[in-house]
Amino acid sequence: MNIILAILLPFVGLTSALKLAQPCQPEVCKLPMCKCSTTSSGSNITEANIPQIVMLTFDDAVTGLTYDIFKEIFFGLKNPDGCPIGITHFLSHEYTDYTRVHDLWKRGHEIALHSVSHTADHDYWKNVNLTTFKAEFGDMREITSHFAAIPRSDIRGSRLPFLQTSGNVSFQGLLELGLAYDSSLPTRRYIDPALWPYTLEYESLQDCNIQPCPTASFPNIWEVPMTMWLDEKEVPCSMVDACTNIPDKTNLTAGWMLQQFNRHYRGSRAPFPVFMHAAWFFRNPEYLEGYKLFLKQLQELSDVYLVTVNKAIEWVKNPKPHGYKKPFGECEIRVPIRDCHPLNCGLKMSSGEERWMNSCVDECPIHYPWLGNPLGK
């Protein structure tokens, strides 16, 4: 089956080879393995007793510069249960400092996948075949696990560059790679109330804003919708840094962010997304201060938890009410696959350009790790 699909994919859509997703039947699709795409948590917990999940994510490379920002903002912050807050990094390869990735992971951050190449061509991602897709994300998982010395099994999620999926091809790739979730699909229709994370075994109600979207059945793959924010002119934006008409003073920026949050907090309590690129902080120092003030305001609320995307999904699978001693489980103790002894290597890319790479390995690879050669042998 896989060989046939790999041959057919460059020429035809996967809908001819895969089972078409059928309308979801709640009496059949049940937690923890299956969830229909709805604006309900799927639990018996009343909205007022649902702990408000906040998902903080960042796309692209982790560099020394962005690490310093993360250190300034997040280190030392805790959730109401006493556990460190969680942040998810959708990681691309070029310019990433894997020693910093290792440190973030040890502190409880989640490392997810954003491809090896992050090719700046939307058509590349729209038309990518299954073999190339699996290389982009499978090789990125190998690079990250090896050079950041973190368990491969801890890398569970993905986000497509520019939020451009290749429809069924992308999700077939995720399924064959054994990944657990995707968060690449923005929604305009479901802003208030927002969709909860759901599985892709059955047909999704979510609107498709960037064609193509999946139409086939993909059991055990979760989708975490990118609920859009609204700027001050009510223009929707899928990521914070894509919002155009926003205030640029600390208090006003924080107030605008809190307004987005309150749609969830005072409503259905669906997980609240704060999805962005760290480069946003460098546009205006007031944005950074506004973001910090916003987090400070959230930390004053006893039923608000800043958790990784994976932890958000785990809560949906096994929900616990606010007031439960550890609604998101025990605080994690991370054990790396080996100690990280930082090594800085100057390596040649296939183009002849030189790239310096910090990583947790004892010897420098021969080549710069890339598609088809993730370990740089």
(request) Kindly assign one of parallel, tilted or perpendicular to the pair Y265 and F261, based on the angle between their ring planes and the thresholds 30° and 60°. (result) parallel

(request) Measure the CZ-OG1 distance between R159 and T165 for me, rounded to the nearest 0.5 Å. (result) 13.5 Å

(request) Would you please say whether a donor-acceptor pair under 3.5 Å links the side chains of H341 and D362? (result) no

(request) Could you check whether the rings of F272 and H264 sit parallel, tilted or perpendicular, using 30° and 60° as the cut-offs? (result) perpendicular

(message) Is any side-chain heavy atom of C243 closer than 4.5 Å to one of W256?
(response) yes

(message) It should be assessed whether the SG atoms of C360 and C340 lie less than 2.5 angstrom apart.
(response) yes

(request) Working to the nearest 0.5 Å, report the span between OG of S41 and CD1 of I50. (result) 4.0 Å

(request) Provide the full list of side-chain hydrogen bond (donor to acceptor under 3.5 Å, both in side chains) pairs with a residue in residues 223-238, sequence neighbours left out, each pair given once. (result) D231-N245

(request) Kindly determine whether F133 and F137 satisfy ring pair (Phe, Tyr, Trp, His ring centres under 6.0 Å), including the steps that lead there. (result) CA-CA 6 Å; F133 180 91; F137 286 85; 4.7 Å; yes

(message) If you compare the SG positions of C34 and C29, is the separation below 2.5 angstrom?
(response) yes

(request) Work out which heavy atom in S40 is nearest to a heavy atom in K35; give both atom names and the distance. (result) O-NZ, 2.9 Å

(request) Considering non-hydrogen atoms only, spot the tightest contact between V304 and L298 and give its length. (result) CB-O, 4.0 Å

(request) Establish, yes or no, whether the cationic atom of K71 lies under 6.0 Å from the six-membered ring centre of F75 and within 45° of the ring axis. (result) no

(request) Verify the cluster assignment for I191 and L163: are they in a single hydrophobic cluster under the rule of side-chain heavy atoms below 4.5 Å apart? (result) no

(message) Quick check on the hydrophobic clustering: are F282 and L56 connected, directly or via other members, by side-chain heavy-atom contacts under 4.5 Å?
(response) yes

(message) Can you give me the closest heavy-atom contact between D139 and G372, atom names plus distance?
(response) OD2-N, 2.8 Å

(message) Can you see whether W356 engages N344 through a side-chain donor-acceptor pair at a distance of less than 3.5 angstrom?
(response) no

(message) Measuring only between side-chain heavy atoms, which start at C-beta, is E72 closer than 4.5 Å to F281?
(response) no

(message) Tell me whether N168 contacts the main-chain N or O of T215 through its side chain, where contact means a donor paired with an acceptor under 3.5 Å.
(response) yes

(message) Let's go through E110 and R156 carefully: what are the C-alpha distance in whole Å and the side-chain angles of both, what is the deciding distance for salt bridge (Lys or Arg N to Asp or Glu O under 4.0 Å) to 0.1 Å, and is it a yes or a no?
(response) CA-CA 9 Å; E110 179 186 11; R156 303 180 179 97; 5.2 Å; no

(request) Identify whether V307 and F70 are in the same connected component of the hydrophobic contact network (ILVMFWY, side-chain heavy atoms under 4.5 Å). (result) no

(request) Using only heavy-atom distances, determine whether the side chains of H322 and N49 contain a donor-acceptor pair under 3.5 Å. (result) no

